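I have placed the structure first, in the form of structure tokens, so that the comments after it can refer back to it.
All values below come from the heavy atoms of this structure, side chains included, with hydrogens, waters and symmetry mates left out. The structure presented is a predicted model; accordingly, all values stated were derived computationally and were not measured. Numbering of ligands and ligand atoms starts at 1, following listing order.
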Amino acid sequence: MKSLVAFYSRTGNTRIVAEALAGALGADIEAIVSDTQGKGMSQLVLQTLLRTRARIAPPKNDASLYDLVVVGTPVWARNMSGPVRTYLEQNKNKFKSVAFFCTYGGSGSEKALKTMEKLCGSPAAGKLDILEGDVKSTEYAADVKRFAAKILESQH
Ligand SMILES: Cc1cc2nc3c(=O)[nH]c(=O)nc-3n(C[C@H](O)[C@H](O)[C@H](O)COP(=O)(O)O)c2cc1C
């Protein structure tokens, strides 16, 4: 089975989880590239709330070549980040099977994951949220392994 982990990360937390997950799944990895780096927190929150379209660079990997795509985002304003919204809008029709994960400070992860699932229009093979504090203390490793096993199991 061929899997892809596609993620956006502004400050590195989601990247850490994405890399661990890609290792556990034996997946290729796609770092979504966007122009949010120079923007301030309040500007990003406003853009997320208004759903202003974030621009992203063309992906390096063709999602349609994978049996499973796992998409990861930081939670912004209790939702998915703008770059991940753009990625899903542009690629959701290519997904055969999809799962989601997020990192977050303390609120809105469930809503963000549900919104991602709704946007893609089919039930997720799995959903995982990891607190940013747990990423820093590597508390997340067992959760990532369990999540990887669950989504691999769902593919049979
Ligand atoms: C613009 C912005 C909005 C955020 N909004 C939320 C939020 O609504 N709820 C939450 O729990 N954390 C929120 N956070 C914290 C991030 O979700 C958290 O730090 C995450 O791990 C960052 O991931 P990254 O390092 O991959 O960019 C926000 C961070 C930013 C920059």
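Ligand 1 has an N or O atom lying under 3.5 Å from an N or O atom of G12, backbone or side chain. Of the polar atoms of A77, at least one N or O is found under 3.5 Å from an N or O of ligand 1, judged by distance alone. Of the polar atoms of G106, at least one N or O is found under 3.5 Å from an N or O of ligand 1, judged by distance alone. Any N or O atom pair closer than 3.5 Å counts here, and Y8 shares no such pair with ligand 1.
At the top of the distance list for atom 9 (N) of ligand 1, counting protein heavy atoms only, stands S107 O, 2.7 Å. With respect to atom 12 (N) of ligand 1, the closest heavy atom belonging to the protein is G105 N, 3.0 Å. When only non-hydrogen protein atoms are considered, atom 19 (O) of ligand 1 lies nearest to E132 OE1, 2.5 Å. Atom 24 (P) of ligand 1 has T11 OG1, 3.3 Å as its closest protein atom, hydrogens excluded (heavy atom only). Of the protein's non-hydrogen atoms, V75 O, 3.2 Å is the one closest to atom 14 (N) of ligand 1. The nearest heavy-atom contact from the protein to atom 2 (C) of ligand 1 is W76 CD1, 3.5 Å. The closest protein non-hydrogen atom to atom 8 (O) of ligand 1 is R78 N, 2.7 Å. Looking at atom 22 (C) of ligand 1, its nearest protein heavy atom turns out to be P74 CB, 3.6 Å.
Between W76 and P83 the shortest heavy-atom distance is CZ3-CD, 3.9 Å. In terms of heavy atoms, A148 sits closest to L21 at CB-CD1, 4.1 Å. Closest heavy-atom contact between F147 and G126: CE1-C, 3.5 Å. Nearest heavy atom pair, residue N79 against residue R51, reads ND2-NH2, 4.3 Å.
By the 4.5 Å heavy-atom criterion applied to side chains, E117 and P123 are counted as neighbours. Contact of the P74 side chain with the Y104 side chain is not registered, since no non-hydrogen atoms from C-beta on lie closer than 4.5 Å.
Atom NZ of K114 sits in a sparse spot, with 12 or fewer heavy atoms from other residues, nucleotides or ligands closer than 6.0 Å. Around the NZ atom of K96, the shell of radius 6.0 Å holds more than 12 heavy atoms that belong to other residues, nucleotides or ligands. A 6.0 Å sphere centred on NZ of K94 holds more than 12 heavy atoms belonging to other residues, nucleotides or ligands. E110 CD: 12 or fewer foreign heavy atoms inside a 6.0 Å radius.
Listed by number with element, the atoms of ligand 1 under 4.0 angstrom from any heavy atom of R10 are 24 (P), 26 (O), 27 (O), 31 (C). For ligand 1, the atoms sitting less than 4.0 Å from at least one non-hydrogen atom of Y104 are 11 (O), 17 (O), 21 (O), numbered in the order shown with element in parentheses. Near T14, meaning under 4.0 Å from any of its heavy atoms, are these atoms of ligand 1: 23 (O), 24 (P), 26 (O). Under a 4.0 Å criterion applied to the non-hydrogen atoms of L44, ligand 1 contributes the atoms 1 (C).
Of the heavy atoms in S9, both backbone and side-chain atoms come closer than 4.0 Å to ligand 1.
Across the listed options T103, I130, L49, T103 owns the non-hydrogen atom lying nearest to atom 21 (O) of ligand 1.
Taking a 4.0 Å cut-off on heavy atoms, G108 fails to register as neighbouring ligand 1.
Both the sub-6.0 Å distance and the 45° axial angle are not jointly satisfied by K127 relative to the ring of F100.
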